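Report on the following structure.
Here the structure is a predicted model, which means the values were calculated and not measured. Order of listing sets the numbers, starting from 1, for every ligand and every atom in it.
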Amino acid sequence: MRIDPSRPIGVFDSGIGGLTVVRALMERLPFEHIVYFGDTARVPYGVKSVETIAHYTTQITQFLLEKQVKTLIIACNTMASVAAQTVCDLSPVPVLDVIEAGAYMAAAATHTGRIGVIGTPTTVNSNAYARAIHAQRNDARIYSQACPLFVPLVEEGWLEHEVTRLTALEYLRPVLAEDIDTLVLGCTHYPLIKPLLQDVVGQDVQLVDSAEAMAERTAALLAQHGLLNESRAQPCYEYYVTDVPVKFQTIGERFLGRSLSPIHVVKWQDK
Ligand code: DGL
């Protein structure tokens, strides 16, 4: 199938957290059109069952394929960890996910092979990062920790707050006790507390930002498939969400680092 390189990149997430990936894509690939889908009516996914997540993922994939995207980026670590195959089975265009990208960067970054991974409970329970890192480097030792409180703390805007720092200290203590030299931020929300996390883990531990990793991998994938947009015109950005909650604009713009428009609300019967 011949894909038109001027088509948009499709990026999706359980909510607005995936805008950290969009922000990294805008910086790394400034001439690419982007269509973003955030399932704001049904977030969080990180505590839902695999069946439910797979069902939601199918709906979103079909929606973005109808928008004629040239590639699909699974920005949500939770969806990537349990439903990446669902997306690949449905998609005629190349698919990339944050876990693959983060694992690749972590394997390249570590010197000792001792890697920590933090994410939602579903991501951590799936063991997807451990599998993906081992595929790159089979002698790696992976130490995972679910950090469910980070998502609401970030959404509250407590990016530098003492409560967030104490929460991070508590969550990261067991992982740090394993003498890791690399820590994967395996959730869309965590790049926003990267300075605080770096402070807590110390300068000797390298943080792998899954959003940045994703942008690098996307650039490589598009180049490899001859899919980079050659136009140097101002690109179009479109945002689709399933709900516009209170504080949506503030939180969304914090994730994106710029104004968030135009936003379209998609109403699905099946919630
Ligand atoms: N987007 C999710 C992730 O990256 C975090 C929010 C959620 O639980 O849905 O894992």
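Counting heavy atoms closer than 4.0 Å to ligand 1, residue N77 contributes atoms from both its backbone and its side chain.
Heavy-atom contacts of S14 reach the following atoms of ligand 1: 1 (N), 2 (C), 6 (C), 7 (C), 9 (O) (cutoff under 4.0 Å). Contact atoms of ligand 1 toward C187: 3 (C), 4 (O), 5 (C), 10 (O) (distance under 4.0 Å to a heavy atom of the residue). Of all atoms in ligand 1, listed by their number and element, those nearer than 4.0 Å to a heavy atom of V43 are 9 (O).
No option in R23, R217, K194 other than K194 meets the salt bridge (charged side-chain N to carboxylate O under 4.0 Å, His left out) test with E212.
Ion pairing between a basic and an acidic side chain is recognised when a charged N comes within 4.0 Å of a carboxylate O; E216 and R28 show such pairing. With salt bridges taken as basic N to acidic carboxylate O contacts below 4.0 Å, none links R42 and D243. At a threshold of 4.0 Å, the pair D4-R7 does not count as salt-bridged, since none of the basic side-chain nitrogens sits closer than that to a carboxylate oxygen.
Nearest-heavy-atom check against atom 10 (O) of ligand 1 across T78, V124, L185 picks out T78.
Of the protein's non-hydrogen atoms, the one nearest atom 1 (N) of ligand 1 is D13 OD1, 2.8 Å. Annotation: atom 8 (O) of ligand 1 to nearest protein heavy atom, G46 N, 2.9 Å.
Atom CG of D204 has 12 or fewer neighbouring heavy atoms from other residues, nucleotides or ligands inside a 6.0 Å radius.
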